[in-house]
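Atoms considered below: every heavy atom in the structure, side chains included; atoms not considered: hydrogens, waters and symmetry mates. A quick note: this is a predicted structure, and the numbers were derived from the prediction, not measured.
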Amino acid sequence: MATMTETPHLTLDLDAPGVRLGHLVVPKGHDYEALSLPVFSINRGEGPRLLITGGIHGDELEGPIVARRLMDWLPEAQTCGRVIIAPEINPLAVQAWTRNTPVDGKNLNRVFPGRADGSVSERIADAVSRILLPMADTVFDLHSFGPTWDFPPAVVTHPIADADLMAKTVWMAEAFKMPVTLIWEHPDRVGMLDTWAHSQGKVIAVTELGGGGVGAEALAIYEDGVRNGLIALGLVKGRSAAPTFRHQNSSRTLKKLLSDELRSPARGIFDPRSSVLDEVKQGDLIGVLHPMDSLSAGSIEIYAPSTSIVCGMRCGGYVEAGENIFYLAGTHKSSVASSE
């Protein structure tokens with residue numbers, strides 16, 4: 001087994017004023033060579049300290065694209081503070097267009113804070129945790145819901161025990177003015193970047209930039225949402241406004257519990273009978289599952305278990321029994337329509 005002789009380090013001085021380009025070097029280990037993750041920094045002196053990351057999951061390409069778009073206009077627009085952008089923190093997964101890192105098969109967003117002597121995913125997490133995260137007070141972690149889900153542009157947070165940090169985090173999430181701010185009770189939070197950031201007292205806004213594929217209209221919505229977040233922090237001057245999504249420019253805050261996940265009752269093809277952000281009543285038909293083992297097997301109707309809002313559903317692919325096919329949610333507080 002190879003012995004590591006390096007530690008994670010930056011090839012640029014983030015404290016230097018102005019615009020800087022460089023890399024976060026992740027040392028080689030027993031399973032893969034050293035990696036150089038691109039890092040872009042704008043330092044305008046006193047003010048908020050923000051870290052923007054993309055590409056944790058390689059099949060969620062909207063984040064890296066929006067991060068690179070920011071690099072085009074932010075140098076002229078940023079008036080104070082420091083912004084660090086790492087557009088693709090998992091280049092191995094991005095290049096392979098896979099959710100998990102192909103070398104070690106691990107989900108990078110389940111191994112934070114990482115290990116210096118671990119596999120390549122763990123070494124990336126260790127480098128981000130030790131080098132980049134301490135330099136920021138706020139984090140925008142840019143995700144999307146992947147190619148097999150229909151999901152509205154959203155900013156997601158999980159319940160946080162610290163009430164003050166929770167309030168700051170919800171404020172930051174709502175400042176994006178995305179169609180949905182989602183407070184998500186998630187069953188698998190160990191090792192997530194946001195969980196680790198919360199433990200360090202950081203405010204982190206995790207965007208879930210829709211799903212189904214990369215498109216011009218969707219990317220414009222995501223970019224507008226991130227711009228709103230930058231305006232709210234005071235890094236950029238301007239007036240924020242809710243982006244238009246499916247002919248509406250309102251935003252709402254929803255809460256999803258563990259019980260709001262519906263799973264496929266059998267193997268087959270999922271046939272949706274509802275749309276994202278539909279308000280459904282208990283007993284409404286919201287989908288049909290067509291078993292494929294036999295044409296004589298009857299289709300299975302899926303009904304809403306309660307009055308709720310459809311906040312995500314499978315939109316393609318063959319599903320196995322027990323796979324999630326619906327995420328439902330309830331209203332956390334009254335929706336606030338944009339008047340700007």
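Listed by chain and residue number, nothing satisfies the side-chain hydrogen bond (donor to acceptor under 3.5 Å, both in side chains) test with D59 (two or more places apart in sequence, or in another chain). Under the side-chain hydrogen bond (donor to acceptor under 3.5 Å, both in side chains) criterion, R130 pairs with D126, sequence neighbours left out. The ring pair (Phe, Tyr, Trp, His ring centres under 6.0 Å) check on Y32 picks up nothing, with sequence neighbours excluded. Residues satisfying the side-chain hydrogen bond (donor to acceptor under 3.5 Å, both in side chains) test with N107, not counting sequence neighbours, are H57. Qualifying side-chain hydrogen bond (donor to acceptor under 3.5 Å, both in side chains) partners for E223, counting only residues two or more places apart in sequence or in other chains: R69, W73.
Each of V39 and V25 belongs to its own hydrophobic cluster when Ile, Leu, Val, Met, Phe, Trp and Tyr are linked at side-chain heavy-atom distances under 4.5 angstrom. F326 and L257 fall into different hydrophobic clusters, where Ile, Leu, Val, Met, Phe, Trp and Tyr are joined by side-chain heavy atoms under 4.5 Å apart, directly or via other members. In this structure, I124 is not a member of the same hydrophobic cluster as I85, with clusters built from ILVMFWY side-chain heavy atoms closer than 4.5 Å. No chain of hydrophobic side-chain contacts below 4.5 Å, direct or via other Ile, Leu, Val, Met, Phe, Trp or Tyr residues, connects L219 to V206.
The side-chain hydrogen bond (donor to acceptor under 3.5 Å, both in side chains) pairs that include a residue from residues 9-24 are D15-R82, where partners are two or more places apart or lie in different chains.
The distance from atom CD of Q200 to atom CG of L133, rounded to the nearest 0.5 Å, is 6.5 Å. Distance check, rounded to the nearest 0.5 Å: CD1 of I56 to CE of M192 gives 10.0 Å. Rounded to the nearest 0.5 angstrom, L51 CG and L132 CG are separated by 5.5 Å.
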Before you tell me yes or no, could you show the steps for S308 and D260 under side-chain contact (heavy atoms from CB on, under 4.5 Å), namely the whole-Å CA-CA distance, both residues' side-chain angles and the distance that decides it to 0.1 Å?
CA-CA 9 Å; S308 53; D260 292 325; 5.7 Å; no

Could you walk me through whether I84 and L50 pass side-chain contact (heavy atoms from CB on, under 4.5 Å), step by step?
CA-CA 6 Å; I84 303 166; L50 174 66; over 6 Å; no

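A donor-acceptor contact closer than 3.5 angstrom links the side chains of T101 and N90. For the residue pair H143 / E208, no side-chain donor-acceptor distance below 3.5 Å is found, with atom types taken as modelled.
Considering every non-hydrogen atom in both M166 and I160, the closest pair reads SD-N, 3.4 Å. Closest approach of T98 to P102, counting heavy atoms only: OG1-CD, 3.9 Å.
Separation of the Y318 and F270 ring centroids does not fall under the 6.0 Å cut-off.
Classified by interplanar angle (parallel below 30°, tilted 30° to 60°, perpendicular above 60°), the ring pair F151/F145 is parallel.
For the pair T331 (side chain) and L254 (backbone), a donor-acceptor distance under 3.5 Å is absent.
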